[in-house]
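This report concerns only the one structure given below.
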Amino acid sequence: MTLSIPKLRQKWGSMSKEARASVTYALCSIVQKCISFINMPIFTRLMSTDEYGEMTVYSSWSGIFSIVLTLNLAYGSFSPAMLKFEKDRDRYISSIQGIWLVLSGFFLMIYLPLQGFWNDILDLPTLFVIFLILETLSINSINLWSGKKRFDYEYKPVVALTLLMSVANTAVSLAFVLLSEQKGTARIWGHIVVTAAFGIIIFSLNAVRGKSVFHKEYWKYALGFNIPLLAYYLSQMIFNQSDRLMIDHYCGKGKAAIYGVAYTWAMVLIFVLNAINNSYVPWFYKKIKEGREEENAKVANDIAVLMAGLIMCIVIMAPEVILIMGGEKYAEAIWSIPPVAISLLLLFYAQLFINVQFYYEKKKNLVYASIGAAAANIILNAILIPHVSYIAAGYTTMISYMIFAAMNYYTMRKVAKESGFSMKALDIKML
């Protein structure tokens, strides 16, 4: 039986603000990813695999720069801080931006005198390195702004900005590529112009509202929380980005582009998972605070079943989707998709365990797990990519996530025993 529009509106109105926020963020992520998939076939056909690989490699370095220049302070410590400093969130956010400015200044002091040396390592020109700094500050400032909105369940501004940036990025990048002979460079230019335009505005808005660049208590809290987690965050970047960088090194930008297309499709659901998790974590933390964490078991199992079903669809649809996304020249990408897609489910399980560790601020063993899994990923890639094929990178990723999830489960059990957290809250089925 179909629902009429009035009934849908009534049902929507009867939902809690938390539920409306979760549904809206999930739908927004789906729309955002649809925009990405609509423009991907266009760019893969307008550009050669080597030109498309330039953007792939640039994006990989972007994730690593984000860790180095921001210490990932828009994550990790951010959610607990929004509860701990609930009455002074704006000043906390502007203080975090102050840390980023200092880190960026230090980086430029190290980079500029020896830019030729660093450019050879990064395989990027100086202009693109400056772009990476600007992009890092822009994106993370937007993440701070949207993170605060999520805690207040103010989803409309976040959704509006997200979709506007996605459309603008596509339109401007397409115009640049069509008007330029150096299409790989033009694609990067289009991306940074849009990101910086919105980022500078949000950065300034955060600064004006917070009226603080330095706050001793907030700097001490944020740095004390996140610095011990740097190995964890870097390991996540290794999982997500080092495959493409090592493929670029051993096999060239063309193969990096092919793997990048495969990885994009295999990990398409990560945006849905992140949207759900961003709304789920505040709810979960409140349940722990109220001593009702066991209510989490059903929610976690429902999400796990949903993710497993969607991942199966991703693998089944891979050949047809890759043909649409990239054409025949990207056909071999299908062999990398199954192991990378399974990695996403393993990441979901690991994140459930990590959420508990973050709440109780028990981070030491998390770092060990991250280092172990990251080391396994790099070693396996170094052995298998040059001797087997770049396709092996997908399987090294899956193995690394298996190690990562298992080690974090073991650590979470220790934290639960020490803190009194009920393990029934994470009585989940391993699908």
Side-chain angles (χ1 to χ4, degrees), residues 12 15 17-40 42-43 55 58-59 62-63 65-66 70 72-76 78-79 82 89-90 93 96-97 100 131-132 134-175 187-188 190-207 209 240 264-265 267-283 303 307 310 344 351:
W12 179 261
M15 295 170 64
K17 61 181 181 180
E18 293 89 347
R20 288 200 298 269
S22 296
V23 171
T24 304
Y25 286 135
L27 291 175
C28 177
S29 294
I30 293 171
V31 173
Q32 184 183 25
K33 202 59 187 176
C34 286
I35 294 173
S36 176
F37 276 115
I38 289 171
N39 71 49
M40 181 177 287
I42 298 173
F43 287 116
M55 184 64 187
Y58 174 88
S59 298
S62 176
F65 266 62
S66 183
T70 73
N72 231 27
L73 291 173
Y75 304 94
F78 185 78
S79 292
M82 290 295 96
R89 290 174 174 172
D90 287 329
I93 288 172
I96 296 305
Q97 291 187 164
W100 295 348
F131 280 177
L132 285 171
L134 184 58
E135 178 186 355
T136 295
L137 294 175
S138 297
I139 290 178
N140 283 278
S141 295
I142 293 171
N143 288 338
L144 288 178
W145 174 83
S146 62
K148 177 178 179 292
K149 295 291 185 184
R150 289 176 189 275
F151 263 85
D152 295 331
Y153 301 105
E154 297 178 14
Y155 54 87
K156 292 181 180 179
V158 177
V159 170
L161 180 64
T162 300
L163 296 181
L164 180 60
M165 286 185 64
S166 295
V167 173
N169 195 315
T170 299
V172 173
S173 296
L174 181 59
R187 177 70 178 89
I188 295 172
H191 170 72
I192 192 63
V193 165
V194 173
T195 302
F198 285 97
I200 290 172
I201 294 172
I202 298 297
F203 186 97
S204 302
L205 181 64
N206 290 341
R209 286 179 173 175
N240 296 329
T264 298
W265 174 243
M267 284 289 187
V268 63
L269 297 176
I270 198 167
F271 295 95
V272 177
L273 180 60
N274 286 341
I276 294 173
N277 195 57
N278 285 335
S279 297
Y280 159 78
V281 168
W283 174 86
I303 298 174
M307 292 302 301
L310 291 175
L344 181 60
Q351 191 60 57

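This chain uses plain numbering: 1 for the first residue, then up along the sequence.
Nearest heavy-atom pair, Leu144 versus Trp100, reported as atom, atom and distance to 0.1 Å: CD1-CH2, 3.3 Å. In terms of heavy atoms, Val158 sits closest to Thr162 at O-OG1, 2.7 Å. The shortest non-hydrogen separation linking Ser173 to His191 is OG-N, 3.4 Å. Taking both residues in full, the closest heavy atoms of Val194 and Met165 are given as CG1-O, 4.0 Å, listed atom of the first, atom of the second, then distance. Residues Ala196 and Leu134 approach most closely at CB-CD2, 3.6 Å, considering heavy atoms. Closest approach of Ala74 to Asn143, counting heavy atoms only: CB-CB, 4.0 Å.
The CZ atom of Arg209 sits 9.0 Å away from the CD1 atom of Ile93 when rounded to the nearest 0.5 Å. Interatomic distance, CD1 of Ile38 versus OG of Ser166, reported as 11.0 Å (0.5 Å rounding). In this structure, CD1 on Ile192 lies 8.0 Å from OG on Ser62, to the nearest 0.5 angstrom. Taking OG of Ser146 as the start and CD1 of Ile139 as the end, the distance is 11.5 Å to the nearest 0.5 Å. Atoms CD1 and CE, on Ile188 and Met55 in that order, are 6.0 Å from each other to the nearest 0.5 Å. The CG atom of Asn169 lies 11.0 Å from the CG atom of Leu174; values are rounded to the nearest 0.5 Å.
Here the side chains of Asp90 and Lys148 are in contact, with some heavy-atom distance below 4.5 Å. Ser66 has its side chain within reach of Asn140: a pair of non-hydrogen atoms, C-beta onward, lies under 4.5 Å apart.
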Open item on the list: Between Ile142 and Phe203, is the side-chain contact (heavy atoms from CB on, under 4.5 Å) condition met? List the steps.
Closed with: CA-CA 7 Å; Ile142 293 171; Phe203 186 97; over 6 Å; no
TODO: Apply the test side-chain contact (heavy atoms from CB on, under 4.5 Å) to residues Asn72 and Phe78: give CA-CA distance (whole Å), side-chain angles for both, the deciding distance (0.1 Å), then the verdict.
DONE: CA-CA 9 Å; Asn72 231 27; Phe78 185 78; over 6 Å; no
- [ ] Go through Tyr58 and Leu132 one step at a time and tell me if the side-chain contact (heavy atoms from CB on, under 4.5 Å) criterion holds.
- [x] CA-CA 8 Å; Tyr58 174 88; Leu132 285 171; 3.5 Å; yes
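One side chain, Asn39 or Thr170, offers a donor N or O that lies under 3.5 Å from an acceptor on the other.
A donor-acceptor distance shorter than 3.5 angstrom exists from the side chain of Arg89 to the backbone of Met82, with no hydrogens or angles considered. In this structure a side-chain-to-backbone donor-acceptor pair under 3.5 Å is missing from Trp145 to Ile202.
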